[in-house]
Amino acid sequence: MTRKKLATVWLDGCSGCHMSFLDMDERLLALADSIELVYSPLVDFKQFPERVDLTLVEGAVSSEDDLKKIRHIRQHTRVLISLGDCAVTANVPSMRNPFGVKAILDAVYQQPDLLNAQVPSEGVPSLLPVARPVHMVVPVDVYVPGCPPSADQIYFVVSELLAERQPDLRRMLRFG
Amino acid sequence: MQKLLVPAPSDDKRWRMVTATMRRHGYRRDALIEALHSAQEAFGYLDSQSLQYVARSLNLPLSQVYGVATFYSFFTLKPPGEHTCVICLGTACYIKGAGEIIASIQDHFDLKPGQTTPDDRASLLTARCLGTCGLAPSGVFDGEVVGNLTPENVAERLEEWLDHAG
Amino acid sequence: MTNRVLTLQINGQEVSGREDETILEVAREHDIHIPTLCQLEGLSSIGACRLCLVEVANVPKLLTACITPIQEGMEVHTESERLNHYRRLVIEMLFSEGNHICSVCVSNGHCELQNMAQLLGVDHVHLPYRNPQRRVDASHDRFIFDPNRCILCTRCVRVCDEVEGAHTWDLKARGIQSQVMTDLNQPWGDSTSCTSCGKCVHLCPTGALFEKGKSVAEMSKRREFLPYLTIMRGKHR
Amino acid sequence: MLAEDLHRMAAHERAQQLQYDHHIIVCSGTACRSANSEAVRQALEQQVQERSQIGVCTVTNGGCRGLCAAGPMVSVEPAGLLYQGVTPADAGAIVDSLGSAPVPHILCDTSAAFFSKQRALVLEFAGNLDPDRIESYLANGGYDTLLKAVTEMTPTQIRDEIVRSGLRGRGGAGYSTGLKWNTVAKAQSAEKYVICNGDEGDPGAFMNRSEMEDYPFRILEGMTIAAYAVGAQQGYIYVRAEYPLAVSRLKGAIRQSEKLGLLGNGIFGTSFNFNVDIRLGAGAFVCGEETALIASVEGKRGNPRPRPPYPAEHGLWGHPTLINNVETFANIVPIIRNGSEWFAGIGTAKSKGTKVFALSGRIQNTGLVEIPMGMTLREIIYDIGGGIPGGRHFKAVQTGGPSGGCITAQHLDLPMDYEALMQVGTFMGSGGMIVMDDSSCMVDVARYFMEFCMTESCGKCIPCRVGTAQMFDLLDKITRGEATLDDLALLEELADMVRNTSLCGLGQGAPNPVRSTLRYFRDEYLSHIVDKVCPAGVCKMQHREEVLP
């Protein structure tokens, strides 16, 4: 049996969803028989592969870089899974949305008591006007809300998808 | 039980109009909107003093009075300018270019609907239909209904008001 | 007033109730769940949240269960794909209207909006978020009002008026601009009418009203007083 | 006042009027006033004086002639002349011409289709009554009908007449007026109310304004008959504060009627008492909805509540309340005076009588017209309305205001009645008719109406509060050229949901302009979305390299 290609992606989030993924513990070993981890912040591949079966996305789409990445990933992924509240609702990253980028950057980098106050502009991707959930940018196939979703839930979703079934856990999951 | 009458906030004669309206309605709670109309007619807008006076006189909670005053768009809690220009945004006026008139006022006088010029000379307001659709686009300049408005003739009138400022 | 007993069907089940009862009351007496958010026993029903809409045979429009009195022979359906679709949209609308960040909310895990989303299977919001800018009012000694989490159910307004009798809360403006506020739209702490009784806080379905000092997920609400007060008031009448 | 007094006053006024050889009547409606009709009247009075015609000619205020865009209108009786666009400078010529050839350059052709195709029931007397003087009304048979009603008919007989006439509510929904009256009459209560809904909030409708300005006594008489028929003692007229002239005319009419005992206790020597008070609206479209209107009369925020219970059983302060539109009340006098059969003989099978429409937008003759139900849209627009100006092409007409829809060229031969309009996806509404030509963008029109509904939503129920805002955002996005087909799908999903789940008519009707324009002008939506082009050239599209989702 060929192993399914799995990727995990970290956009604007706290990495908590990835921690929860790792919390699957020994079940990861069980999964390892049927999946091949082809791209992830947890491993060292630099390029997102041409064809990926399942991609778990953590984090909101907050910057130009996030946007570019997720569009590329969508093109090369069969089943895209929004993992956790940041990907599903934009969650904490969206708390800046009502105020606008300038107000936020000024509040953080232009405080009068800061020495050499200046907004970083080199080597960091510029922020989008608002942080968005992944499905507002590209089509999403499966939603797994939670902050973070539990290891059990992630395991259930991944194993159902590996079995080519649409996981139905809508009433089991909640925001937050 | 006879309720004690609340004294007017000051000896400003304009309060008499408000008091008279409330008295005519027997200080009943349902006179709230009528009382607010009187207060706005007397003072041009509703400040917190008016709202409190009406609330106390009619025995109504402050929040209810504030809620009513802000529900109806006819009431304003901000003092208007010396002159007011109301542009009708009814459908007939919109179809005939009321939107462009508003835009041109915005461009030429830096005045948006609901705003007053910094020198308090003129306020721009919009209405939801003056019922003078036959004259569309129409407006009200200091209480006088004027029809067939154009960006040009509106600008003319506004300039007249603003020029006399100094 | 005579209180005849009427019989009707809810979801195919024969049920009966007094003629002055609503569809919602009769359904609850028979353990049939109809979702609600604005309705609360002990307060007047206003039919605002639209979650309790039900289908009734031979009635073209959907009816508000919390307000509609039962009728003899009525055939009520409380569940259908269409109703569920509408109910999910109502919940999505609420999430899109305010700034609901469950993960950092005092009411996380105790929130009626969050629970309702789960119950109705809302796993994401496909309406654009509106991201309004709303100011938190922490001027009161003991309580905080965070309008970002307010769903305008007006339970606070109703309990303050109908039970406490202070009428500190009311709505200002209208439509998408409406918000609850105290007295003349002043800081809550400056309100002259508030008795600090806290009933509004405990009836609030979300984390919009909460006690100072409570951290994430720590604010669970106590509602036992409401039925008790309602019964006692009934006895005095 | 008793019957003899009424007849004596009427006879006296008629005799007064007969003293004059000529009557010059100047329209004093809002539209003509804003075209300076006051100055015209003063000039005419002055000329009458200067030319020593006092005692021969009288100058009075009159009501609307319908042709609002051509004001100020002046008529001369009994010659039956009508002048349009009169200026104070024309006054001398008009007075000089009395009894001889009319002044040619301002003469209005009253044989034109605009006048000949109309049928005046509500707008009876075509503006010849002086709305400020009860004597003028009495001289033309005013209050005769009330006299007949309270002295010769029982309340049941009156209600039967109204039922048989087939009159339906003129506020828009078209519910049977007679059945509504019966419900209120049957409701058990010591207190009952009659409310006249004059909160004409539809942008583009001004029938009720004109009716209240010109026929305040007729409306009061209709309300009083209604009160007698349902057993009410108190009435309210709820008028928009934006209609100051209507308010002052109604106030004057109430005062004069009270003075003559036509309102108050023991009307015409019977035991029937009825008083009327005015309540000012304050700028909330939702208050046109019955339950919101009641909340507003009670001095509260205009929040509607779910029906049932209907106001007919549980209305103002919890008492049975009859709420009818201004025009409905204006129809009562002719029905009772001429009989239900006469009324039922006008109109179509299910829609009886006439309807007053306000024609505006891209049409030659903007103004007020009254037509028998069942006339086709083509006759209204091309014959009465004089067609589309500037060589442009008719595109659609919006009826029913922000809760209505559009009627397109393919339905120009549609007979105007309640059912026919419903079939093509709009409704009668209160009678606003806004004509659009090929220079109007239908998406922009839909966006305009949605903005209206969004700002007028009371905010009580979630679908209307949030749904109208979301739909407005989507329409705005489409008119900016930034929307996708997914946005269009979402718009349609929301339109269905808001329509079916909103608490009151405002929310339920808010998606109608969208649904209707999507039904007939989907291609315009698609060209905004797919090609990023506004076919009418109204919307300013943002051409961006990459549009962010």
Side-chain angles (χ1 to χ4, degrees), chain B residues 21 24-25 28-38 40-41 54 58 60 64-76 86 88-100 103 125-141 143-148, chain D residues 30-31 33-35 66-71 200-210 240-244 246 279-285 287 296-303 317 358-362 366-368 398 401-402 432 434-436 439-440 445 448-449 452 455-456 458-459:
Chain B
T21 300
R24 197 170 62 244
H25 286 93
R28 288 180 2 172
R29 292 175 142 212
D30 58 87
L32 173 57
I33 293 175
E34 298 292 314
L36 294 178
H37 271 300
S38 282
Q40 180 156 311
E41 207 181 321
V54 169
L58 301 181
L60 286 165
Q64 188 177 339
V65 172
Y66 191 88
V68 167
T70 54
F71 182 89
Y72 295 96
S73 58
F74 199 80
F75 296 130
T76 170
V86 184
C88 178
L89 276 181
T91 319
C93 294
Y94 185 77
I95 296 282
K96 287 199 160 179
E100 286 144 45
L125 300 166
T126 57
R128 270 315 186 182
C129 190
L130 301 167
T132 50
C133 313
L135 307 168
S138 57
V140 187
F141 292 78
E144 179 203 347
V145 177
V146 182
N148 303 313
Chain D
T30 296
R33 277 195 170 192
S34 67
L67 211 53
C68 301
E200 181 172 60
D202 281 25
F206 52 96
M207 303 74 52
N208 291 169
R209 172 181 62 70
S210 207
R240 304 177 71 196
E242 289 90 335
Y243 288 173
R279 285 296 155 104
L280 289 189
F285 174 67
C287 289
S296 190
V297 172
E298 291 175 354
K300 300 173 186 159
R301 290 166 63 89
N303 286 333
W317 294 297
L359 283 181
S360 66
R362 303 286 183 184
T366 53
L368 215 59
Q398 175 84 16
I434 297 128
V435 181
M436 288 165 280
S439 69
S440 314
V445 168
Y448 165 83
F449 281 117
F452 181 89
T455 48
E456 294 297 334
C458 81

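Order of the sequence lines fixes the chain letters, A, B, ..., with proteins taken first and strands second; residue numbering starts at 1 for each chain. When reading the values below, keep in mind they use all heavy atoms of this one structure, side chains included, and skip hydrogens, waters and symmetry mates.
Heavy-atom distances place the backbone of D202(D), and not its side chain, under 4.5 Å from chain B. For R33(D), no part lies under 4.5 angstrom from a heavy atom of chain B. If you measure heavy-atom distances from Q64(B) to chain D, the contacts under 4.5 Å come from the side chain alone. For chain B, the nearby parts of C458(D) are the backbone and the side chain; heavy atoms of each come within less than 4.5 Å. For I434(D), the part sitting under 4.5 Å from any heavy atom of chain B is the side chain, from C-beta outward, and nothing else. Looking at R301(D), both its backbone and its side chain come within 4.5 Å of chain B, counting heavy atoms on both sides. Only the side chain of Y243(D) comes within less than 4.5 Å of a heavy atom of chain B; its backbone N, CA, C and O stay farther away. Contacts between E456(D) and chain B at a heavy-atom distance below 4.5 Å involve the side chain alone, from C-beta outward. The part of V297(D) that comes within reach of chain B is its backbone (N, CA, C, O), which places non-hydrogen atoms under 4.5 angstrom from that chain. For A241(D), the parts lying near chain B are the backbone and the side chain together; criterion is any non-hydrogen pair under 4.5 Å.
Looking at H37(B), its side chain never comes within 3.5 Å of a backbone N or O of L32(B) through a donor-acceptor pair. Checking side-chain atoms of Y448(D) against main-chain N and O of L89(B) turns up a donor-acceptor pair under 3.5 Å. Listed for the E200(D) side chain is no donor-acceptor partner under 3.5 Å among the backbone atoms of R240(D). Side chain of T91(B) to backbone of P203(D): a donor-acceptor contact under 3.5 angstrom is found. With hydrogens and angles ignored, the 3.5 Å screen pairs no side-chain donor or acceptor of S210(D) with any backbone N or O of M207(D).
R28(B) pairs by the side-chain hydrogen bond (donor to acceptor under 3.5 Å, both in side chains) definition with D30(B), not counting sequence neighbours. The side-chain hydrogen bond (donor to acceptor under 3.5 Å, both in side chains) check on S296(D) picks up Y72(B), Y238(D), with sequence neighbours excluded.
For chain D, the option among A31(B), G147(B), G67(B), G143(B) with the highest count of heavy-atom pairs below 4.5 Å is G67(B). Chain B forms the most heavy-atom pairs under 4.5 Å with one residue out of C68(D), S440(D), G204(D), A35(D), and that residue is G204(D). Ranking E34(B), R29(B), K96(B) against chain D, the residue ahead of the rest is E34(B), based on heavy-atom pairs under 4.5 Å. No other option in G367(D), G283(D), G361(D), A282(D) has as many heavy-atom pairs under 4.5 Å with chain B as A282(D).
Separating the OG1 atom in T76(B) from the CG atom in L125(B) is a distance of 7.5 Å, to the nearest 0.5 Å.
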Do T30(D) and V145(B) pass the side-chain contact (heavy atoms from CB on, under 4.5 Å) test, and can you show the C-alpha distance, the side-chain angles, and the key distance before you say yes or no? CA-CA 8 Å; T30(D) 296; V145(B) 177; 4.2 Å; yes
